[in-house]
Visitor: 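Have a look at this one before I ask anything.
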Amino acid sequence: MMGAVSRAQALTRLVFGSRRTIAGTVYGTIVVLAALSAGGKAFEHDLWHLAAIIVTTVLVLWIAHVYAHGLGESLQVGRRLDAAELGTVAGRELAIPLAAVAPTTMLVLGAVGIFRGSTAVWLAVGICVATLAVQGLRYAFLERLGRLGTLAAVALNLALGLAIVGLKVVVAH
């Protein structure tokens, strides 16, 4: 039973991030939502292309993020980081590309014919919006916010996500 719980927890962390990685999960999710908004309609009939755009965008921004944090930490400690230290930075920021896994999976399922293209895109968007809501709840829990604070944290994350979805609708029409 312990193995099943561990796998379930690993899957949950993969989909929604962990307490330690809220910032990276939110950042990666917003990047994915932005890419879906920009290319969802144009590539709903070429989902492999859209998935490649999303994966490439997220990976490039993750590398830039790791590089920038590596520079900052290098300056903080007064020397260049060694490979292990840079690996630690990369691991800490891994939530950024991991945020793309579940939405990209929906696009791949659409690309292989399990979903229609538009359905796959909207499922990917839905996963992103749900992820933002869950991260708002996690933040509220960690900060021990009351009901009003929790509502505000979730609402703020959802507002950001829905604003991007709104852009998708406006750009698509």
Side-chain angles (χ1 to χ4, degrees), residues 6-66 68-69 90-142 150-173:
S6 296
R7 276 180 251 168
Q9 288 174 337
L11 181 60
T12 300
R13 283 191 187 112
L14 182 66
V15 173
F16 294 114
S18 70
R19 293 174 179 172
R20 189 176 70 95
T21 59
I22 288 174
T25 301
V26 169
Y27 182 83
T29 301
I30 290 169
V31 168
V32 171
L33 262 176
L36 285 166
S37 295
K41 185 67 175 172
F43 294 107
E44 74 179 25
H45 300 294
D46 188 3
L47 294 176
W48 289 113
H49 193 118
L50 181 57
I53 289 169
I54 288 170
V55 169
T56 302
T57 301
V58 169
L59 287 176
V60 166
L61 291 174
W62 172 65
I63 291 166
H65 215 74
V66 169
H69 278 275
R92 198 171 53 230
E93 302 301 328
L94 197 57
I96 294 169
L98 286 177
V101 171
T104 303
T105 300
M106 293 301 108
L107 298 177
V108 169
L109 291 174
V112 298
I114 294 175
F115 303 120
R116 286 187 11 228
S118 61
T119 301
V121 170
W122 281 109
L123 285 170
V125 167
I127 287 172
C128 290
V129 172
T131 299
L132 291 175
V134 168
Q135 295 311 308
L137 284 171
R138 286 181 185 230
Y139 175 80
F141 174 77
L142 290 171
T150 298
L151 182 62
V154 172
L156 183 60
N157 269 10
L158 283 176
L160 182 57
L162 293 175
I164 295 170
V165 172
L167 284 174
K168 177 188 179 330
V169 171
V170 168
V171 168
H173 296 341

Visitor: Can you give me the closest heavy-atom contact between Ala140 and Ala153, atom names plus distance?
Guide: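 Here Ala140 and Ala153 meet closest at CB-CB, 4.3 Å.
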
Visitor: Using side chain to side chain contact (heavy atoms under 4.5 Å, CB included), reason through Leu98 and Thr21 one step at a time and then give a plain yes or no.
Guide: CA-CA 10 Å; Leu98 286 177; Thr21 59; over 6 Å; no

Visitor: Which distance, rounded to the nearest 0.5 Å, do you find between the CG of Leu109 and the OG1 of Thr104?
Guide: 11.0 Å

Visitor: Could you report the tightest heavy-atom contact between Pro97 and Leu59, atom names first, then the distance?
Guide: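 The answer is CB-CD2, 4.0 Å.
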
Visitor: Does atom OH of Tyr139 have more than 12 heavy-atom neighbours, drawn from other residues, nucleotides or ligands, at distances under 6.0 Å?
Guide: no

Visitor: Mind checking salt bridge (charged side-chain N to carboxylate O under 4.0 Å, His left out) for Arg92 and listing every partner two or more places apart, or none if nothing turns up?
Guide: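 Per chain and number, Arg92 pairs via salt bridge (charged side-chain N to carboxylate O under 4.0 Å, His left out) with Glu73.
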
Visitor: Tell me, do Leu50 and Leu36 make a side-chain contact under 4.5 Å, heavy atoms counted?
Guide: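 They are in contact (side-chain heavy atoms under 4.5 Å apart), so the answer is yes.
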
Visitor: Test side chain to side chain contact (heavy atoms under 4.5 Å, CB included) on Val121 and Leu47 and set out the steps.
Guide: CA-CA 8 Å; Val121 170; Leu47 294 176; 3.9 Å; yes

Visitor: Quick check for you: to the nearest 0.5 Å, what is the distance between Leu162 atom CG and Asn157 atom CG?
Guide: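 Result: 10.5 Å between the selected atoms.
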
Visitor: Less than 4.5 Å apart, any side-chain heavy atom of Val31 and any of Thr57?
Guide: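 SC-SC contact between Val31 and Thr57 confirmed.
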
Visitor: side-chain contact (heavy atoms from CB on, under 4.5 Å) with Val112: which residues, sequence neighbours excluded?
Guide: Trp48, Ile114

Visitor: To the closest 0.5 Å, what do you measure between CG (Leu107) and CD (Glu44)?
Guide: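 Spacing of CG (Leu107) from CD (Glu44) equals 11.0 Å.
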
Visitor: Hey, what do you get for CZ (Phe43) to CD1 (Ile53), rounding to the nearest 0.5 Å?
Guide: 4.0 Å

Visitor: What's the shortest heavy-atom distance between Val154 and Gly136, and which atoms?
Guide: CG2-C, 3.8 Å

Visitor: Does any part of the side chain of Phe141, heavy atoms only, come nearer than 4.5 Å to the side chain of Thr150, both counted from C-beta?
Guide: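 Contact flag for Thr150/Phe141 side chains = no.
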
Visitor: Supply the atom-to-atom distance Thr131 OG1 to Leu33 CG, rounded to the nearest 0.5 angstrom.
Guide: 9.0 Å

Visitor: Minimum heavy-atom separation for Gly28 to Ala99, with atom names?
Guide: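 Smallest interatomic distance, heavy atoms only, reads C-CB, 3.7 Å.
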
Visitor: Under 4.5 Å between any side-chain heavy atoms of Ile127 and Thr29, yes or no?
Guide: no

Visitor: I would like to know whether Thr25 and Val134 meet side chain to side chain contact (heavy atoms under 4.5 Å, CB included); could you show each step before the answer?
Guide: CA-CA 10 Å; Thr25 301; Val134 168; over 6 Å; no

Visitor: State the OG1-CG distance between Thr105 and Leu123, to the nearest 0.5 angstrom.
Guide: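 The OG1 atom of Thr105 sits 11.5 Å away from the CG atom of Leu123.
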
